[in-house]
Amino acid sequence: MRATVRLARLVAWLFVLAALAALASWAWDQPFMARVRTQWELSRMPPPTAVAMPVQGVEARSVADTFGAPRGRDRRHEGVDIFAARGTVVASATRGIVTAVREGGLGGRQVWVSGPALQRHYYAHLDDWAEGLAAGDVLWPGDPLGVVGDTGNARGTPPHLHYGIYGEGGAIDPLPLLRAHGRRDARPGEAAVPQ
C-alpha cells in the first residue's frame with residue numbers, strides 16, 4: 001500500500017513538472033518574452049567582427065579615423081564622428097536592446113544599445129529620436145534610432161553622429177568594424193556578415 005501511494009505521488013510530481021516545463025517552453029516563444037530571450041541570445045554571441053553603418057547613405061571609407069584623438073586636456077575621443085546632413089536617419093548597427101534614450105551631458109540626445117556579447121553601442125548628438133523609441137525595445141540592424149544632429153557638446157558644429165562601442169575593457173574603435181562590414185557587403189555572392 002505504501003509503495004502504491006509513493007508511486008502515485010511520484011507520478012503526480014512528474015506530471016506537475018512536465019506541465020511546468022511545457023508552460024515554460026510555450027512562454028519562452030511568446031512576444032512578451034522577446035526582451036528576455038534577446039538578452040540571453042546576445043549574451044551568448046561573440047563580439048561582432050563587423051557592424052553596419054549606422055548613418056543612412058554614408059560609406060565607411062568616408063569616415064575619418066579620429067578614435068583616440070585628444071579632446072581637451074583630460075579625455076580622448078572614444079568613437080568616430082560620422083558626418084551627414086541634419087535629419088539623416090540613424091539606425092542600429094547591430095541586433096540589440098535599447099538600454100537608454102536620454103538627453104544630457106556631452107552626447108546631448110543619445111541612445112544606448114546593448115548588442116552582441118553585451119557590448120554597449122552609443123549613438124550621440126541626435127537631433128531627435130525615432131518616434132516611440134524606448135528603453136527595452138528589441139532591435140535588428142537597420143532599425144531607426146533617430147536622426148543626425150548637433151546636440152550636447154557638438155552644438156554649432158556640422159551635424160554628425162558620434163558612434164562608440166564599449167566592451168568589458170572599455171572603448172573599442174568602431175571604424176575597423178564599419179569598414180569590415182563595407183568590404184563584406186561589396187563582395188558579390190557572399191552571405192551577409194552575421195550581426
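Note that the coordinates shown come from a computational prediction; the quantities given were computed from them, not determined experimentally.
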> Does the pair R102 and R109 meet the rule for a side chain to side chain contact (heavy atoms under 4.5 Å, CB included), with working shown?
Replying inline: CA-CA 6 Å; R102 62 181 179 221; R109 290 186 178 148; over 6 Å; no
> Closest heavy-atom contact between T94 and G115?
Replying inline: OG1-CA, 4.1 Å
>> As a test of understanding, state which of D173, L178, I172 forms a side-chain contact (heavy atoms from CB on, under 4.5 Å) with P176.
In response: D173
> I97 versus L42: any side-chain heavy-atom pair under 4.5 Å?
Replying inline: yes
>> Show me the pairs that pass ring pair (Phe, Tyr, Trp, His ring centres under 6.0 Å) and involve residues 125-157, at least two apart or across chains.
In response: H125-H160
> What closest approach, in Å, do P144 and A130 show between heavy atoms, and which atom pair accounts for it?
Replying inline: O-CB, 3.5 Å
> Looking at CG of D128 and CD of E103, how far apart are the two atoms once the value is rounded to the nearest 0.5 Å?
Replying inline: 9.5 Å
>> In this structure, would V89 and V80 fall into the same cluster of hydrophobic residues linked by side-chain contacts under 4.5 Å?
In response: no
>> Please report the interatomic distance CE(M53) to OG(S62), rounded to the nearest 0.5 Å.
In response: 6.0 Å
> Checking side chain to side chain contact (heavy atoms under 4.5 Å, CB included) for the pair V90/L126: CA distance, chi angles, key distance, verdict?
Replying inline: CA-CA 8 Å; V90 172; L126 301 173; 3.8 Å; yes
>> Applying side chain to side chain contact (heavy atoms under 4.5 Å, CB included) to V63 and L175, what does each step give before you reach the verdict?
In response: CA-CA 8 Å; V63 177; L175 192 54; 3.8 Å; yes
May I have the list of side-chain donor-acceptor pairs in residues 116-124 shorter than 3.5 Å, sequence neighbours left out?
from, atom 1, to, atom 2, distance (Å)
H121, ND1, Y163, OH, 2.8
Y123, OH, A93, N, 3.0

> Would you find more than 12 non-hydrogen atoms of other residues, nucleotides or ligands less than 6.0 Å from R6 atom CZ?
Replying inline: no
> Side-chain contact, heavy-atom cut-off 4.5 Å: V51 with P174?
Replying inline: no
>> So which atom in I82 and which in P54 form the shortest heavy-atom distance, rounded to 0.1 Å?
In response: CD1-CG, 3.9 Å
> Out of curiosity, does V55 fall in the hydrophobic cluster containing V147 (side-chain heavy atoms, cut-off under 4.5 Å, transitive links)?
Replying inline: no
> Taking T88 for the side chain and A84 for the main chain, is one N or O donor matched with an acceptor at less than 3.5 Å?
Replying inline: no
> Of the non-hydrogen atoms in D127 and V148, which two are nearest, and what is the gap between them?
Replying inline: CB-O, 3.3 Å
> Please walk me through it: do V111 and L133 pass side chain to side chain contact (heavy atoms under 4.5 Å, CB included)?
Replying inline: CA-CA 9 Å; V111 176; L133 186 72; 3.8 Å; yes
>> Testing the basics here: between H162 and E78, what is the closest heavy-atom pair and its distance to 0.1 Å?
In response: NE2-O, 3.7 Å
> Quick one: CG on L139 to CG on L145, what's the gap to the nearest 0.5 Å?
Replying inline: 6.0 Å
> Would you say the side-chain atoms of Q110 pair up with the backbone N or O of G104, donor to acceptor, closer than 3.5 Å?
Replying inline: yes
> Roughly how far apart are F67 CZ and D65 CG, rounded to 0.5 Å?
Replying inline: 9.0 Å
>> Once side chain to side chain contact (heavy atoms under 4.5 Å, CB included) is applied, do any residues pair with R155, and if so which ones, sequence neighbours excluded?
In response: D150, T151
>> Could you measure the distance from the CZ atom of R9 to the OG1 atom of T4? Nearest 0.5 Å is fine.
In response: 12.0 Å
